[in-house]
Every structure is written in structure tokens, then in C-alpha cells.
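The next block holds one structure in the form of C-alpha cells; read it before the comments.
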Amino acid sequence: MDDANTVITVNDVCKRFGSLQALDHVSTTVKRGEVLMIIGPSGSGKSTLLRCINHLEVPDSGTVTIDGTEVNERRGNINRVRADVGMVFQRFELFPHLTVLDNICLAQQQVRRRPRTEAEEHAHSLLEKVGIPEKRLSYPTQLSGGQQQRVAIARALAMQPKVMLFDEPTSALDPEMIKEVLDVMLDLAHEGMTMVVVSHEMGFARNAANRVMFMDYGKVVEEGVPEQVFSHPQHDRTKLFLSRILH
Amino acid sequence: MGPRANELAPASSATSSFTMLRRLPIWLVILVLVGLFVLYSMLTGDYLSTLQFLVIGVRLTVVSAVLSYALALAVGLIIALGRVSRNLLAYNLATLYVEIMRGVPLLVILLYAQFVVVPGLSNWLDLNLHTRLLWQRNSAIAGVIGLALGYAAYLAEVYRAGIESIERGQMEAARSLGMTYGQAMRHVILPQALRRVLPALGNDFIAIMKDTSLLTIISVSELTYYARQEASRTFQYFRTYNAAAFLYLTLTLLLSLGVRYIERRTSGGRR
């Protein structure tokens, strides 16, 4: 299990919010370069699993290992691990008081201790990559939702993470802006970035995902390659869910 | 009420002059007129000598307001960080501080500072008589510190409200990039929070300006102190306290205009 190709190991993680068992003994591994897609009804624990990976939620029990390092707040390595794990949020969470450029440079300077000029150069090339180099001096509120999410992706990439986590990255977007974000994510996947994506974008699943995991009531119901899960789901719960979202 | 007033009034010229009247800051006009009248009567009549006497106190009023406010801003921020901290010790100490300081009247805090803390401190430090007298004579220092510590509790709650008004996702986004709690607070949360509470902070500056009048009770020679001296010397209570009120109003109105200006500048552009 701990071979060099494994980037994320989730081992027997449980998380409870009051009376809700959000995660119920979940285990999985993600290999280097793999794109794992997590689907499931709302409240099934998929976002919680994602947030447990970088300890935005601390699991009640079980362990998470990133690239050989166990994530553990007490050992004080939490910030180092998080710097290696990029995260993209549903509602972008750009820093509204900073320009696009400063949004991308802040953590580079504070966490990676890069000099400003180097951070800026890096930010420029990333903005080029996500297709909005001309917006570098704008403030987040001056951008469309799709542009904001692309900046958020660039901000996470600036840390040169080993893994990227996407928490429903397109569900707060207007329909016509979804594609521009998905295209950036597709490029990333094709470049070999290790990604865990919580989303119901079936097109992305078909084109980029190596593996799809279906969750319900905090448990992994089934997982497999997209073709198999979407076309020949094994469990009734999966069938029901897919029939509802695929129309 | 705007559009409905339009429907009811048939003559459009009447409504337009009516809305114009509504937009006019009438309170300001009245204030300026009254102010000019008062100023006129003051500068021509017997008020002149009263005013000249009281103005000496304005300096110490302004100085102690500015100093205690600056100190309160700094201490208040530290307390506020304790109030929002997940560290149990910091949270409880900060909450204890706020509850005590908010629960004791400022006047009592000032008396306590001057007549309990200062003598206690000089006993404890075993000061010689000369320094001891010097400390007691300079009650302004105890006064400024007392005011600042009292106001720090109010300001801490203002800061805290601002910090808690920032969406949780902002902290999460900063932490997910690997920033420490302190870095996230300093570079992400506080800049946004401060911008939001700037008007409230400004109001407390106006309030502290007025509350410097409490310093008179521990014999700090500020504006109210001079007013009381003048009144007991001349028995002209009406005139003296009119003059004092006029001077305070001048100070606070100037500040109020300043706060409005800052408010407009920060809420106008980007968020």
C-alpha cells in the first residue's frame, strides 16, 4: 500500500457531525497522476472526505497520508502538507481585498518564501495558462465567476502542489462559464496532475477520470473506471442516483 | 416613500422642491446657523474671556483622547484576537477582561487607576518621595491608561464582530495554501475585517473624545476641569458651560465629518 506511486492514502477515516455520520470507515488510495472523481447525493460525505484529506476537517479516527507523511496537526506538519495539496472551492474564496496578482503571490511569498519578482513571474505564467493574463491587476469582484474560479486554480497551482483537490468547482457557476473551468481542469489532468474531484460533471468524468467513486451515507458504495460505474453500476443505490442525474 | 410622494402630489415642481428639501442635510444647516450665532455672541460679548480661559484645556483634552485611543486600538486588537482564539487560555483571559472592563463604569476605572494602582505601584517599586509626588501630580498618565484600558474592551468587541463577519471560507482558503493561522489572520482576515468596522472604530474615537471629560475627577487639567474652575470662580454657570459644550461640539463634529469621509472612501470603491 505504501509504494512510491501512492500519493494519498486514506485509512479507515470516520467523521461525525452531531448525529450525522459524515464518514463511516472510509479507506482509499490515489496513485500519482490519477484522477479520482467522487460522486454521490448531497450529504453523502464526499466533500467531507475531500476536506479530511488536507485536514480542513480533522477526522475523528483514522489517518490520512500524503506522499508518505501522515497529516497530523499535533506534529506541526500541517502547514507543510497543506502547501503541497492545492484546493479549489465551490465558491472560489479569492481574497477580495487583493488583486488577482496578489492573490496568487501571497502564499508563494508567505509560505514558500519566494521573492516577490519570482512569485510574480510564476503568477504571470499561471495566468497565461488559465487564459486570463490581462486580468492580473483586477480585483476578484470585477471578474466573472468562471474567471474567478480560474484564478483560484492558478492560486492553488502556484504552490506547485503534488495533489489538487476540487470541491464542486463548477456548481456555483453560470452554465456558460462551466466549460472554461472544465477545460483548465482537463489540461491539468492531461499534464499528469494527481486530482481528486468532487463533481457531477459527467463530461469531465468520461474524458479525464481514471476512477469514479460513488458515496452514500458516509460510505463508499462502489468504485471503478467511469465506463463501468456509469454504464454497468453494480448497486441499486448507484443505479437510482445515476438515473436521476443523467436524465 | 419617494415614489409614492410623487403619485400623490400633482404639481411636479412641488415634488421636486420637496425631494430637494429632503436631500438637504437640514440638521447641518441648523447646526451651522446656530453655531455662527453662538460664535458671534461669544466673540462679541462676555464669552470671549471665558472662551480664552477654557481653550487652554482643549490641548490636554485632544492629547489625552488621541493617546488613549491609540493605546486602546492596540490593546483592543490583542484582546479581540484572544476572543476569537481557539486557545482556551487566551479566550478565557480575553473574555474575562472584556466582561470586567465593560461592567465597571469608566469613572470608577479612572478613580481606581489614580488612587489604587498608582499608589500601589509606587509602594511596590519602593519609590522615593520625590518620584512618588511626581507620579501623583501627573494624573494625566494614569487617566490616559485608565481610559485606554476601559475602551480597549469596547474596541475589542468591535474588532471581534468584524473578524467574525468574514466568511469562514476565507480562513479555509488561506490555510489550505499552507499559511499559518497567524499569517492568514494578518494578511487575509484582518485587512477585510478592519475595513468593515472602520466606521464603528471612528465612532468610538468620538466617544473617547467626550469621555476625556471624566478625567476632571482625577484632576487632569483638561477642558471640563477648566470649565469647573471658571464656573466656581465667576459663578457664571450658564455662560461657562455653554462655552464648554460649544468647544466639545466643535471637536466632535469635526471628528464626525472625518469619520463620514473615511466611511465614504472605504465603502465606495472595491469591497
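Below, read A as the first sequence line, B as the second, and so on, with proteins coming before strands; counting in each chain starts at 1.
- In this structure, the portion of B:Gln183 lying under 4.5 Å from any heavy atom of chain A is its side chain and not its backbone.
- In terms of heavy-atom pairs under 4.5 angstrom with chain B, the leader among A:Val88, A:Asn54, A:Leu94 is A:Leu94.
- A salt bridge is defined here as a Lys NZ or Arg NE, NH1 or NH2 lying under 4.0 Å from an Asp or Glu carboxylate O, and A:Asp84 with A:Lys162 meets this definition.
- Test A:Cys14, A:Ser61, A:Ser44, A:Cys52 against A:Leu23 for side-chain contact (heavy atoms from CB on, under 4.5 Å) and you get one pass: A:Cys52.
- Geometrically, A:Arg155 engages A:Phe95 in a cation-pi contact, judged by NZ or CZ lying under 6.0 Å from the ring centre and within 45° of the ring axis.
- Proximity to chain A involves both the backbone and the side chain of B:Ala174, based on heavy atoms less than 4.5 angstrom apart.
- With a threshold of 4.5 angstrom between heavy atoms, B:Arg168 approaches chain A through side-chain atoms but not through N, CA, C or O.
- The side-chain contact (heavy atoms from CB on, under 4.5 Å) test with A:Ile39 is passed by exactly one of A:His200, A:Met213, A:Glu201, A:Met215: A:His200.
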